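Below: one structure, written as structure tokens.
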Number of protein chains: 2
Amino acid sequence: MAYHFSPIKLDDKGHIRDSVFAILRNAILDKKLEPGQRLVERSIAEELGISRTPVREAIHKLVLERLVTHVPRKGVVVSGFTKADIVEILVIRTSLEALICSIAAAKIKPRELKRLESLAKQISDEHEKGNLKKSNQLNDKFHEIIYRAAESPRVHSFLNTLHEYITKFTQVAYSKPGRPAEVCVEHKAIIEALSKHDSSEAEAVAKKHAKNSSKAFLEMAYCD
Amino acid sequence: MAYHFSPIKLDDKGHIRDSVFAILRNAILDKKLEPGQRLVERSIAEELGISRTPVREAIHKLVLERLVTHVPRKGVVVSGFTKADIVEILVIRTSLEALICSIAAAKIKPRELKRLESLAKQISDEHEKGNLKKSNQLNDKFHEIIYRAAESPRVHSFLNTLHEYITKFTQVAYSKPGRPAEVCVEHKAIIEALSKHDSSEAEAVAKKHAKNSSKAFLEMAYCD
DNA sequence: TTTTGGAATATGGTATACCAACATCCCTTG
DNA sequence: CAAGGGATGTTGGTATACCATATTCCAAAA
């Protein structure tokens, strides 16, 4: 059975395993590989024109991220994403988003607060111009500032992973009527809580922000 | 430089990479490998009497768990655990513990509640008998019941990982005078919230429980 | 004595080879 | 024709070989 992967270009200076990981990951998230489908190391390696070793290492990472499941004596198969899985990811993100915000409140510097205010304004501007892509990028930066301010590498990297899962669908969430305006209001509330270095308020508003975002996503994604 | 690992016994039916992972992980958590020390694939493989392949895969998992850090053109080095790292792990656990408890409140079955009550009683009994080891085991079971009730595999497995980090020190926390009694009270409060299927109360009491446990740990571990 | 070039070495990344377990299918045998 | 068994193939796990890069160190030249 063929996966229809193109041979890898070797001009990449990064490690092959990372390229393979990205290829497989995108294929799964883009549903090019169906849930339940087996991933056969030899076949993938052959199609990509490389050896099994980097393929194995890439698959390993996928297992750790639960995008594929290891079945004894069968190899790995693509995991299915049920609605329950999506919900779990969203609630984890909500919880950690609240956590990192409360931590950030205690540590954030005036310089970073300034940057957040500037970004919030830009985001709102781009919204009005209808520039979804740009405003999404800026939105990511907004949250990245907060993540960094919290100086909590584990939470930070975990949130990034979750974010990548969700990103594949996020423009859907933003297309919900009225959501962009809400986002602006919520961003302002977050900035205010952070400015006051009020951890519990920051936790509360961040949780509300993430919950609303999750809700908007679920409504749009599962309206059927 | 020698790591002083003994050759692996091959009678293990499990995969070698898992054995290697456990060996390295324990060595790091038990401080037999010092922070900053390099892990050289060839040397480890040689000492264990196996090939590099399973060693590589084990090291990969360690990187994902941040127990070691990959340094370009250097290989991997053992990560240092500062107090900030411990604190971060504890607050993540607190956050997820609260989350999983609130989810469990909505899903838990009478059968599981019965089991929790029985365990809480046993734990308190073993405390009084001064049987720390046994009561710790039962405590783990107590939380495991709740984890399972939540049916949230990602949170569940993440909490297990965090738990293993903390476990290495946990008997310290329990040695704090008065803590065992508090634990019993907190367990009762958790059971009550779960019985009422009150998610927000469950979240609150679980958070308090985890926070108190973290506090007890930090006080005992860093009294100097 | 200092500097520099290159060879030797160390090490991780990648490719390949080998093996054991399991599945599949055909052939034999009743 | 059906059932059992063995040959063969598939696949993941492990071992080994090879390669590229970077570091170290020594020797030769200025």
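Quantities reported herein were computed from a predicted structural model and do not represent experimental measurements.
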From the options B:His163, B:His209, B:His156, select the one residue that forms a ring pair (Phe, Tyr, Trp, His ring centres under 6.0 Å) with B:His143. B:His209
Under 3.5 Å, is there any donor-acceptor pair linking the side chain of A:Arg17 to the base of C:dG13? no
Contacts under 3.5 Å, N or O only, protein and nucleotides 7-10 of chain D:
none

Which whole-number value in Å describes the distance from [X] [atom1] to [N] [atom2]?
{"X": "A:His15", "N": "C:dT11", "atom1": "NE2", "atom2": "P", "result": "17 Å"}
{"X": "B:Leu39", "N": "C:dG13", "atom1": "CG", "atom2": "P", "result": "13 Å"}
{"X": "A:Ile16", "N": "C:dT16", "atom1": "CD1", "atom2": "P", "result": "11 Å"}
{"X": "A:Arg42", "N": "C:dA17", "atom1": "CZ", "atom2": "P", "result": "11 Å"}
{"X": "B:Ile50", "N": "D:dT14", "atom1": "CD1", "atom2": "P", "result": "8 Å"}

Exceeds 12 heavy-atom contacts within 6.0 angstrom, atom NZ of A:Lys211: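 No, NZ of A:Lys211 has 12 or fewer neighbouring heavy atoms, counting only those of other groups under 6.0 Å.
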Is a donor from one side chain sitting under 3.5 angstrom from an acceptor on the other, for B:Tyr147 and B:Glu97?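 Yes, side-chain donor-acceptor contact under 3.5 Å.
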Yes or no on side chain to side chain contact (heavy atoms under 4.5 Å, CB included) for B:Gln37 and B:Val77, after CA distance, side-chain angles and deciding distance? CA-CA 5 Å; B:Gln37 185 168 359; B:Val77 300; over 6 Å; no
Does NZ or CZ of B:Arg154 lie under 6.0 Å from the centre of the six-membered ring of A:Phe158, at an angle within 45° of the ring axis? no
Determine whether A:Arg93 and A:Leu159 satisfy the following criterion, side chain to side chain contact (heavy atoms under 4.5 Å, CB included), listing intermediate values before the conclusion. CA-CA 7 Å; A:Arg93 187 192 58 158; A:Leu159 274 171; 3.9 Å; yes
Apply the test side chain to side chain contact (heavy atoms under 4.5 Å, CB included) to residues A:Glu57 and A:Ile16: give CA-CA distance (whole Å), side-chain angles for both, the deciding distance (0.1 Å), then the verdict. CA-CA 10 Å; A:Glu57 303 193 331; A:Ile16 296 183; over 6 Å; no
Those residues of residues 51-61 of chain B lying under 4.0 Å from DNA chain D by at least one heavy atom: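 Listed by number, they are B:Ser51, B:Arg52, B:Thr53, B:Pro54.
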Heavy-atom distance under 4.5 Å between the side chains of B:Ile103 and B:Ser152, does that happen here? yes
